[in-house]
Asks: 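First the structure, then my questions, so here it is.
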Protein chains: 2
Amino acid sequence: MTQIHLDKSVYSPAFCDLCRPNGSRVALFADRNLPYAETLLDYLKKNGFAAELFLLPAGEKAKTREVKQALEDTLLEKGFGKDSLFLAFGGGATLDLVGFLASTYLRGVPTILIPTTLLAMADASIGGKTAVDTPHGKNLIGTFYLPRAIWMDLTLLETLPQKEWLNGLSEILKAGLIADASLWERIEENGFDPKDKPALLGLLEKAIAVKTRTVEEDPEEHSLRAILNFGHTVAHAIEQASEHAWPHGQAVAVGCLAESYLSHLLGYLPAADFERIVRCIKSLGYPLGPLPEGLLEPMHHDKKVRDGKIHFVLLKKIGAVFSSCNEYTHVVDEKQIVTMLEWLDQLGET
Amino acid sequence: MTQIHLDKSVYSPAFCDLCRPNGSRVALFADRNLPYAETLLDYLKKNGFAAELFLLPAGEKAKTREVKQALEDTLLEKGFGKDSLFLAFGGGATLDLVGFLASTYLRGVPTILIPTTLLAMADASIGGKTAVDTPHGKNLIGTFYLPRAIWMDLTLLETLPQKEWLNGLSEILKAGLIADASLWERIEENGFDPKDKPALLGLLEKAIAVKTRTVEEDPEEHSLRAILNFGHTVAHAIEQASEHAWPHGQAVAVGCLAESYLSHLLGYLPAADFERIVRCIKSLGYPLGPLPEGLLEPMHHDKKVRDGKIHFVLLKKIGAVFSSCNEYTHVVDEKQIVTMLEWLDQLGET
């Protein structure tokens with residue numbers, strides 16, 4: 001089981017105590033744009049760790065098989081053995097790559113994840129999915145591999161730009177929509193102020209609880225775990241059609257709107273709930289357009305496609321998904337998807 | 001759990017029935033030197049499978065990250081999805097590569113292993129270890145990933161050369177030495193005749209039972225699984241020092257002799273048992289020399305090394321290892337390792 005430590009400083013004896021039993025040699029991997037990787041390295045060294053820093057290409061560029069292979073060769077060259085601990089320090093891309101690297105290095109070494117964005121804290125760090133991208137698409141090669149622990153130090157978020165806050169918030173909104181009405185209502189009633197740390201902590205706790213609960217029940221996504229994909233059929237299409245000009249979180253916010261519309265159109269989600277969703281997401285300041293062209297095509301390559309048909313996770317109310325016979329994804333007719341995309345285009349223009 | 005099917009033809013309705021629920025599209029991977037890969041492909045197609053054949057570089061040459069990556073790109077290009085079944089058809093190298101490939105393709109697709117050598121049936125196919133080699137050594141990058149099933153068709157062994165029989169027999173001998181005296185005694189009393197199929201079947205059943213029992217108790221080799229490494233500290237040193245001119249199984253036979261000597265030298269293994277081991281292994285026709293020079297050095301890179309010290313699995317009698325406080329590997333002084341290597345050199349010269 002993964003331990004989750006929330007809101008404790010990474011520069012602390014508690015963090016050192018967590019690392020110590022997991023390995024006698026520490027490899028610290030960090031996004032090369034992270035301003036405080038050297039600070040953590042120095043802190044670890046001062047506390048007696050044999051630690052080395054490995055800087056990764058920025059963001060998604062780190063997630064390739066070539067980067068992984070080069071790191072493996074360097075680690076082997078330096079003699080890192082089974083008694084090593086890998087620390088992943090950065091956003092979702094860093095955690096995905098380092099998790100995958102660790103899962104296959106000498107058939108597995110322990111990892112501790114230290115997410116540095118709200119998006120990575122609320123979503124990417126939890127649930128053991130690791131991966132790299134290939135020219136054919138994102139996250140196509142990877143493993144399910146749980147870290148020993150996830151260390152979430154909220155002070156690391158203090159320098160995040162506004163865009164990054166919205167990016168992370170949309171996965172929190174999604175968690176509320178699919179499984180926790182009280183989480184959704186908190187944001188609906190109070191809005192979102194990243195400087196209000198107790199409020200942020202409360203939201204994170206609830207979003208993390210939704211994800212861990214879901215993943216524990218279905219770790220390898222045979223059924224229930226698919227609900228975490230709400231909003232993502234459309235979001236991935238937006239990301240792909242825009243050639244990743246749309247950041248993930250912003251695409252997810254629009255995706256949640258689109259798939260709420262679909263849930264309403266198909267008669268599962270009551271009008272009142274649907275209107276609340278639109279009002280709240282609009283009020284948070286997400287850009288809703290202009291959307292890229294050609295959103296239907298990439299949906300045909302969505303991982304939930306079965307027998308050639310596009311599937312969606314659908315809401316039945318705020319805080320609950322529709323399911324039937326233990327199925328959490330549902331075929332939707334292409335005509336209705338087109339209607340949804342037209343609605344979405346109009347929304348982006350208003 | 002992995003199902004093991006022993007001594008049923010792979011060209012059978014039973015094999016098709018096993019495959020069918022595991023995937024709607026079949027990727028059959030085979031060593032390019034295997035004479036009957038096309039036959040199996042045709043059989044699968046005739047039985048209604050959408051199957052494709054992927055030929056791998058021969059033997060250990062298949063076990064590289066580059067081969068894995070090229071296969072991934074081809075599979076993605078051809079649209080193999082999560083509903084694919086991977087069949088690995090070949091010796092240990094093929095099974096290691098395909099198991100690793102399957103474990104990370106779309107975060108895991110089901111596999112069925114069809115070993116075609118005695119060595120792969122008795123050892124490599126069982127226990128879920130997958131890996132590729134790197135320039136720094138063998139099996140350094142890989143996963144623990146259980147296949148859905150292992151299909152052992154003894155008729156596939158009929159064309160094996162003599163060398164390959166001895167290669168597989170040594171892992172059976174090892175299984176007897178560490179955990180099943182009755183298995184050892186069967187070979188000691190009757191010798192080994194690969195044409196005696198009922199006898200072969202009996203030996204395989206017992207060797208497989210030793211391995212599955214051990215692996216089930218300690219799947220990721222934190223403790224007990226290390227006993228399967230008996231004979232392998234010396235065997236790996238011989239393989240490495242000879243630049244792999246020594247086949248694995250022959251090196252394991254010599255390794256079992258060497259580590260039995262060490263067990264006796266240190267006072268754990270009685271003289272009578274030790275002499276029986278030497279007599280039996282000699283009688284089976286294994287070449288015992290000439291050994292390559294420089295066997296001590298590679299032992300320092302053995303995976304069981306801890307705190308810079310070489311560790312061995314040691315026997316306390318035929319059919320049982322020595323253990324102390326749940327530790328199955330033991331530090332041995334370098335002076336005694338040197339004494340053992342001198343004894344081994346003399347043995348090879350006689």
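Letters A, B, ... are given to chains in the order of the sequence lines, protein chains preceding strands, and every chain is numbered from 1.
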Asks: If I compare all heavy atoms of B/Gly294 with all of B/Pro298, which pair ends up nearest, and what's the gap?
Replies: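 Minimum heavy-atom separation between B/Gly294 and B/Pro298: O-CD, 3.1 Å.
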Asks: Only pairs of heavy atoms separated by less than 4.5 Å count here; which of A/Leu140, A/Val132, A/Leu106, A/Asn139 has the most with chain B?
Replies: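 Among A/Leu140, A/Val132, A/Leu106, A/Asn139, the one with the most close pairs to chain B is A/Leu140.
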Asks: Check B/Asp133 against B/Lys138 and note the closest heavy-atom contact, atom names and distance.
Replies: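 That would be OD1-CA, 3.3 Å.
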Asks: Which residues, numbered in order, of residues 62-85 of chain B come under 4.5 angstrom of chain A by heavy-atom distance?
Replies: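 So the qualifying residues are B/Arg65, B/Glu66, B/Lys68, B/Gln69, B/Glu72, B/Asp73, B/Leu76, B/Glu77.
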Asks: Mind checking which of residues 142-149 of chain B sit less than 4.5 Å from chain A, heavy atom to heavy atom?
Replies: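 Result: B/Gly142, B/Thr143, B/Phe144.
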Asks: Does a side-chain N-to-carboxylate-O contact under 4.0 Å join B/Arg225 and B/Glu220?
Replies: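 Here B/Arg225 does not pair with B/Glu220 in a salt bridge, since their nearest N and O are not under 4.0 Å apart.
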Asks: Please determine if A/Lys309 and A/Glu334 form a salt bridge, counting it only when a charged side-chain N lies under 4.0 Å from a carboxylate O.
Replies: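 A salt bridge is absent here (no side-chain N lies under 4.0 Å from a carboxylate O).
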Asks: Is the B/Phe86 to B/Tyr105 ring centre distance short of 6.0 Å?
Replies: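 They qualify: ring centres under 6.0 Å apart.
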Asks: Supply the atom-to-atom distance A/Ile208 CD1 to A/Ile150 CD1, rounded to the nearest 0.5 angstrom.
Replies: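 Interatomic distance, A/Ile208 CD1 to A/Ile150 CD1, rounded to 0.5 Å: 7.5 Å.
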Asks: Do the side chains of A/Asp123 and A/Lys211 get close enough for a salt bridge, i.e. N-O under 4.0 angstrom?
Replies: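 Yes, this pair counts.
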Asks: Scan B/Lys303, B/Lys304, B/His311 and name whichever one has a side chain to side chain donor-acceptor pair (under 3.5 Å) with B/Thr233.
Replies: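 Of B/Lys303, B/Lys304, B/His311, side chain to side chain donor-acceptor pair (under 3.5 Å) with B/Thr233 is met by B/Lys304 alone.
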Asks: So which part of A/Ser24 gets closer than 4.5 Å to some heavy atom of chain B, the side chain, the backbone, both or neither?
Replies: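 Neither; nothing under 4.5 Å.
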Asks: Checking side-chain polar atoms at under 3.5 Å, does B/Glu171 have a donor or acceptor matched by the opposite partner on B/His232?
Replies: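 A pair is found: one side chain offers a donor N or O, the other an acceptor, under 3.5 Å apart.
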Asks: Between B/Arg107 and A/Glu221, is the closest basic N to carboxylate O distance under 4.0 Å?
Replies: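 B/Arg107 and A/Glu221: not salt-bridged.
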